[in-house]
Amino acid sequence: MFLGRFLSIFSSKSSIFAIASPHYQSFLVPSFHFDNASCQMRHFSAYPRFDFGSIREPDDAVALFREMMRTRPLPYVTVFNKLLSVVVKMQQNTLALRLFDEMLQRDVPINHYTLSIAIDCYCRLKRPDFGYAILGSFFKRGYEPDVVTFTTLIKGLLLVGRVPEAAKVLWKLSVYQLCEHDEYTYSTMINGLCKAGGTLEAIDLLCLLEKEKGSCKPNVYAYNAVIDGLCKDGKVDEALQLFSTLGDKGISPNVVTYNSIIEGLCNRRRMDEAEDILKKMIADKVCPNVVTCNIFVTAWCKDGKVEEAEHMLVSMKEIDVQPDIVIYNALINGYCMQGKMDEAVRIFQLAVNSGIKPNIVSYNSLMNGYCKKGQVNEVSRLFNMNSSFKSLNSQLRILLVVDSSFKTQIHDYLNSQLAQLTLSAQS
DNA sequence: TTAGGGTTAG
């Protein structure tokens, strides 16, 4: 049985932890001994120390920002930049831009790091043109955009599929000697090309870099992007071929490399080969992570082997990998697809009891399952548990998959909910 | 305590 073999593969992983444990220990030991001097400096500093680690919600960041704005003299620009970075890492790009705007309006000192963060936010919001506009502020304030700034803009253009423009920026960097490109620049370009459907062009660029003399050789991120692109294009054998050459090139595959290959094989239902790659991964001392586990769980669920897939939760505990909502959702959906709603709800509860918050995907899977069984009352109950404008569009999408005999009933129900939500929003 | 990179679910 595949699951049995899978578990036995994982059980051999204890050796990995044995090897890795000294690193874990040194990582966990607090570094008081060499931080004493700086602690004392801070203790006597006139500036308060702002605790960015305590930021959990966007509101926390706003509260800290307000506190910083009230502090006199104002904190250094580095402190404001740090706060903006924390907000960006929370994927609150609009909020980061709002804070940035307030800094400009209230004449808080900024530097080229601040401007790069703002460009990054616009790019992440898929508005690279606004990012470009900020380049003007660089020159106005006497700063020069550097390789990070340009790489960020290239990434932004690629994110919205503007491949030729991104290539042009890359080309201009060299021709006009605006700055020296680095590994990030090329891996960003290669990844963007793959994500925009241009895996072949990405391979061409990769080959060009491999032949180029100099220090800017493609790294594991660039190879991962191409391997993943090939797998997603269904060209798993080509991905395997490239994967097999990595060792000779001095590139160590990491967990993402292995996950992409495993996913490519699983999607083609080449499960035995996926298992072989997992074995190789463990032999190479690369620890499987939650994504690795989820790839197998998803594949088993699609094959209708949901009970077996559920055993993965046990395996994960054994190897100290924490399940996340993605893996619970894969199982919930697996049971829903089989019409086993009691089992689906049990997994839902298991997630909640484990402290994992269900999300829109969890609710949609359950609603879809109940719709398929015609249990409209359960659908309404779930809808009321999770009704908001944000999720409404996703919930309406279930109409596409429910049996036609229930469509009218659910459609009327959702319309009445929509009307109520509209009214409450207006009031 | 200052900026840029990858993989997963309905």
Of the nucleotides [options], which one has an atom closest to the side chain of [X]?
X: T149(A); options: dA3(B), dT1(B), dT2(B); value: dA3(B)
X: Y113(A); options: dT1(B), dA3(B), dT7(B); value: dA3(B)
X: V291(A); options: dT8(B), dT1(B), dA3(B); value: dT8(B)
X: V256(A); options: dG4(B), dT2(B), dT7(B); value: dT7(B)
X: Y221(A); options: dG6(B), dT7(B), dA3(B); value: dG6(B)
X: F52(A); options: dG5(B), dG4(B), dT1(B); value: dT1(B)

Measure the distance from [atom1] on [X] to [atom2] on [N] and round it to the nearest whole Å.
X: N267(A); N: dA9(B); atom1: CG; atom2: C1'; value: 12 Å
X: N329(A); N: dT8(B); atom1: CG; atom2: P; value: 15 Å
X: L158(A); N: dG6(B); atom1: CG; atom2: P; value: 12 Å
X: N289(A); N: dA9(B); atom1: CG; atom2: P; value: 14 Å
X: Y143(A); N: dT2(B); atom1: OH; atom2: P; value: 16 Å
X: Y363(A); N: dA9(B); atom1: OH; atom2: C1'; value: 16 Å
X: I117(A); N: dT1(B); atom1: CD1; atom2: P; value: 16 Å
X: L135(A); N: dG4(B); atom1: CG; atom2: P; value: 17 Å

Sidechain N-carboxylate O distance under 4.0 Å for [X], [Y]:
X: E307(A); Y: K340(A); answer: yes
X: E263(A); Y: R268(A); answer: no
X: R346(A); Y: E343(A); answer: yes
X: E102(A); Y: R98(A); answer: no

With sugar-phosphate meaning primed atoms plus P, OP1 and OP2, does [X] contact a base, only sugar-phosphate, or nothing at under 4.0 Å between heavy atoms?
X: I295(A); result: nothing
X: V147(A); result: base
X: N333(A); result: sugar-phosphate
X: K155(A); result: sugar-phosphate
X: T151(A); result: base

Counting only distance, no hydrogens or angles, is the base of [N] paired donor-acceptor with the side chain of [X] under 3.5 Å?
X: D324(A); N: dA9(B); value: no
X: N224(A); N: dG5(B); value: no
X: N259(A); N: dG6(B); value: no
X: N111(A); N: dT2(B); value: yes

Using the rule side chain to side chain contact (heavy atoms under 4.5 Å, CB included), only one of T298(A), I327(A), N259(A) pairs with C293(A); which is it?
I327(A)
Does the R72(A) side chain pair with the main chain of M69(A), one donor and one acceptor, at a distance under 3.5 Å?
yes
Within the side chain of D101(A), is there an N or O that forms a donor-acceptor pair under 3.5 Å with the backbone of L104(A)?
no
Return no unless some side-chain N or O of K232(A) is found under 4.0 Å from OP1 or OP2 of dT8(B).
yes
Check whether any side-chain nitrogen or oxygen of R124(A) sits under 4.0 Å from OP1 or OP2 of dA3(B), and answer yes or no.
no
Listed in order of residue number, which residues of residues 181-205 of chain A have a non-hydrogen atom at under 4.0 Å from DNA chain B?
D182(A), Y184(A), T185(A), S187(A), N191(A), K195(A)
Under 6.0 Å from the ring centre and within 45 degrees of the ring axis: does the NZ or CZ of R127(A) meet both conditions for the six-membered ring of F130(A)?
yes
Candidate pair R162(A) and D129(A), rule salt bridge (charged side-chain N to carboxylate O under 4.0 Å, His left out), full reasoning
CA-CA 11 Å; R162(A) 288 160 65 172; D129(A) 290 334; 3.0 Å; yes
